[in-house]
Amino acid sequence: MKLTLKGLKDTAAWEAAGIKLPAYDIEHVAEETKKAPVWVHFGAGNIFRIFIGGLADKLIQEGEMEKGITCVETFDFDVIDKIYEPYDNLVLAVTLKADGSTDKAVIGSLTEAVHAKSSDAREWARLKEIFVNPGLQMISFTITEKGYALRSADGNFFPFVQADIDNGPEKPGAAMAVVCALLYERYKACKAPLAVVSMDNCSHNGEKLQSSIVAMAQEWEKKGFVDAGFLAYLTDEKQVSFPWSMIDKITPRPADSVCEELKKAGVEDMDPVITSKKTYIAPFVNAEGPQYLVIEDKFPNGRPALEKAGVYMTDRDTVNKVERMKVTTCLNPLHTALAVYGCVLGYTLIADEMKDAELNKLVHEIGPTEGMPVVTDPGILSPVDFVDEVINVRIPNPFMPDTPQRIATDTSQKVGIRYGETIKSYVAKYGDAKKLTAIPLAIAGWCRYLLAVDDKGEKFELSADPMIPELTAAVEGIVVGKPETYTGQLKGILSNANIFGIDLYEAGIGDKVEEMFLEEIAGPGAVRAALKKYLA
């Protein structure tokens, strides 16, 4: 059994292996899409293949869409060469269920795969041909937040961005210049409307995407590469819209266990590859079942019936509220608490932490107990139901290979949103945040984590974080097992409104965090003892 159009013709073998095949004519859909694409997606990685590709697959299966998605890769061209082309753009989607079983299905909606490479005349001509088609309705993105960044920390353009500015729309290299150049082709050819939709997992994603594309166009206008009319076209939302969205689906890297399961079922050539750009990718994608996509309904040239595939189509304010609900209360704060305590307590799998009585209690206290009185309720999703699913279905799923060490990455950049917003809401509602216990305990856990010594007294490696040098310097001199070495070193961290969005002492909980931290450095087993005490 090969994952190719020819291989799918032996339908009985796939059926016997428990793998669902598309009920539509994949080749016909591909032909129709190539003639006049309506949906182009940039960023051909895993979450796109299983989630966005899966939405299109469902709509085609149900007769709600006649065309698939044109896939464009802007960064790692090996993905197209090694994972799309040899498998006729097919994807084997594997849903990992909490009971250990899997649902397996072939997705056939990814109808064409193109390199976004202006140096390749054939590929670049194809992209231009797609963009000048007035019937194109939307382009979407999963290129990660880094894909939108134009400037470094010093405020200057990255060298590769400056090269794109200097080279103009005929020779773009990176994603933002490529998209801006293709939008310029559309403007010159027909000025047809288009929705430009970020589906990346970052706050205000549409705004970030719009800002970068408009900035590129402004720089090109200064150099005389484009005219003022192009900028007017880009900044008129009746012509080119940039809807905001919120996406949520845990999609880990391909699991060896899934690869073995597929091989045993008789599917050939399933081994993952590591590309030259260090992408770890396979012909299959494994992910959790729960998924959420909320999109601002602003599509000036029409759109597919996305709501019929379970997408929430709404207004910008609601998208923002869903994002806030998830990031400040129902998911991300719980993940961060499990990440830092998981590292200190020696866990290597997030799911295993949910079997730990104290850590299970900790996330119940942070989300349902302390978060709910000030949660942002978006109206279209219930915060209570969302957090219940996170705690009881999503995080405990033992077949989701996610680690506390990965989630602990960049914690200094996250605590302001994940905890600071709830603390600020408590101050606004009650005058201070003294009612909180679990959130201060999570913050104390992060400070304890910064010592890079686990609860047995053994050293471990801190995850990457841009503030690590500054933070580790601040806690220097504190020795686990010698509480007397603590002489107030945390005060500079806990009072730093740039980290938490608020001075924790002014919020009434700085001293509480210090007290908890002091207990956690008493010696081996002190972290566990503090958790038991405060969660009793």
Please name the pair of heavy atoms, one in [X] and one in [Y], separated by the smallest distance, quoted to 0.1 Å.
X	Y	result
V387	G367	CG2-CA, 4.3 Å
A507	V427	CB-CG2, 3.8 Å
C343	A408	SG-CB, 4.3 Å
A442	A337	CB-CB, 4.1 Å
L494	G510	CD1-O, 3.7 Å
P466	D410	CD-OD1, 3.4 Å

side-chain contact (heavy atoms from CB on, under 4.5 Å) evaluation trace for N397 with I250: CA-CA 11 Å; N397 185 338; I250 301 171; over 6 Å; no
Taking the side chain as every heavy atom from C-beta outward, state whether [X] and [Y] have any pair of such atoms under 4.5 Å apart.
X	Y	value
I52	I247	yes
Y84	R49	yes
M325	L331	no
H364	T369	no
T485	V480	no
I493	F500	yes
I143	Y148	yes
I439	E365	no

Per the side-chain contact (heavy atoms from CB on, under 4.5 Å) rule, which among L345, V363, D352 passes with L338?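 Of the listed residues L345, V363, D352, the side-chain contact (heavy atoms from CB on, under 4.5 Å) partner of L338 is V363.
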Pair [X] + [Y]: basic N to acidic O under 4.0 Å:
X	Y	value
K97	D103	yes
K249	E288	no
K263	D271	yes
K434	D511	no
E484	K482	no
D317	K321	yes

Would you confirm whether [X], through its side chain, and [Y], through its main-chain N or O, come within 3.5 Å as a donor-acceptor pair?
X	Y	value
Q489	T487	yes
N392	D388	yes
S212	M176	no
N286	T251	no
T409	R406	yes
D200	T144	yes
N46	V285	no
N360	M354	yes
R324	D377	no
Y312	V319	no

Decide side chain to side chain donor-acceptor pair (under 3.5 Å) for D356 and Y347; before the verdict, give the C-alpha distance in whole Å, the side-chain angles of both, and the deciding distance to 0.1 Å. CA-CA 10 Å; D356 182 306; Y347 282 100; 2.8 Å; yes
Give me each pair satisfying ring pair (Phe, Tyr, Trp, His ring centres under 6.0 Å) with a member in residues 401-457, each pair once, sequence neighbours excluded.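 Residue pairs passing ring pair (Phe, Tyr, Trp, His ring centres under 6.0 Å), neighbours aside: Y426-Y430, Y449-F460.
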No-hydrogen, no-angle side-chain donor-acceptor test under 3.5 Å, [X] and [Y]:
X	Y	value
D81	H115	yes
N205	S245	yes
D503	S495	no

Between atom [atom1] of [X] and atom [atom2] of [Y], what is the distance when rounded to the nearest 0.5 Å?
X	Y	atom1	atom2	result
R448	D454	CZ	CG	7.5 Å
I502	T422	CD1	OG1	11.5 Å
E296	D315	CD	CG	7.5 Å
D76	T279	CG	OG1	3.5 Å
S425	E370	OG	CD	13.0 Å
T328	K424	OG1	NZ	10.5 Å

Check the orientation of F48 and H41. Use parallel for under 30°, tilted for 30 to 60°, and perpendicular for over 60°.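 Taking H41 first and then F48, their aromatic rings lie parallel (interplane angle under 30°).
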Evaluate side-chain contact (heavy atoms from CB on, under 4.5 Å) for K326 paired with N201, printing each intermediate quantity in order. CA-CA 11 Å; K326 181 188 90 154; N201 187 16; 3.0 Å; yes
Within 6.0 Å of NZ in K277, more than 12 heavy atoms from elsewhere: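 Yes, NZ of K277 has more than 12 neighbouring heavy atoms, counting only those of other groups under 6.0 Å.
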Show the numbers, then the answer: is there a side-chain contact (heavy atoms from CB on, under 4.5 Å) between F42 and V179? CA-CA 9 Å; F42 290 85; V179 175; 4.1 Å; yes
Compute the centroid of each ring, for F386 and then for Y292, and state whether the two points are separated by less than 6.0 Å.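 Ring-ring flag for F386/Y292: true, centres closer than 6.0 Å.
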Check the pair L490, Y486 against side-chain contact (heavy atoms from CB on, under 4.5 Å), reporting the backbone distance first and the verdict last. CA-CA 9 Å; L490 293 188; Y486 180 70; 3.3 Å; yes
For K491, side-chain hydrogen bond (donor to acceptor under 3.5 Å, both in side chains) partners two or more places apart: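 By the side-chain hydrogen bond (donor to acceptor under 3.5 Å, both in side chains) rule, K491 matches E514.
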Evaluate the side chain to side chain donor-acceptor pair (under 3.5 Å) criterion for residues H204 and N320: first the C-alpha distance (whole Å), next the side-chain angles of each, then the deciding distance (0.1 Å), finally the verdict. CA-CA 7 Å; H204 297 193; N320 213 17; 3.1 Å; yes
Just do the side chain to side chain donor-acceptor pair (under 3.5 Å) check on T348 and Q405 with the steps written out, would you? CA-CA 7 Å; T348 54; Q405 290 74 18; over 6 Å; no
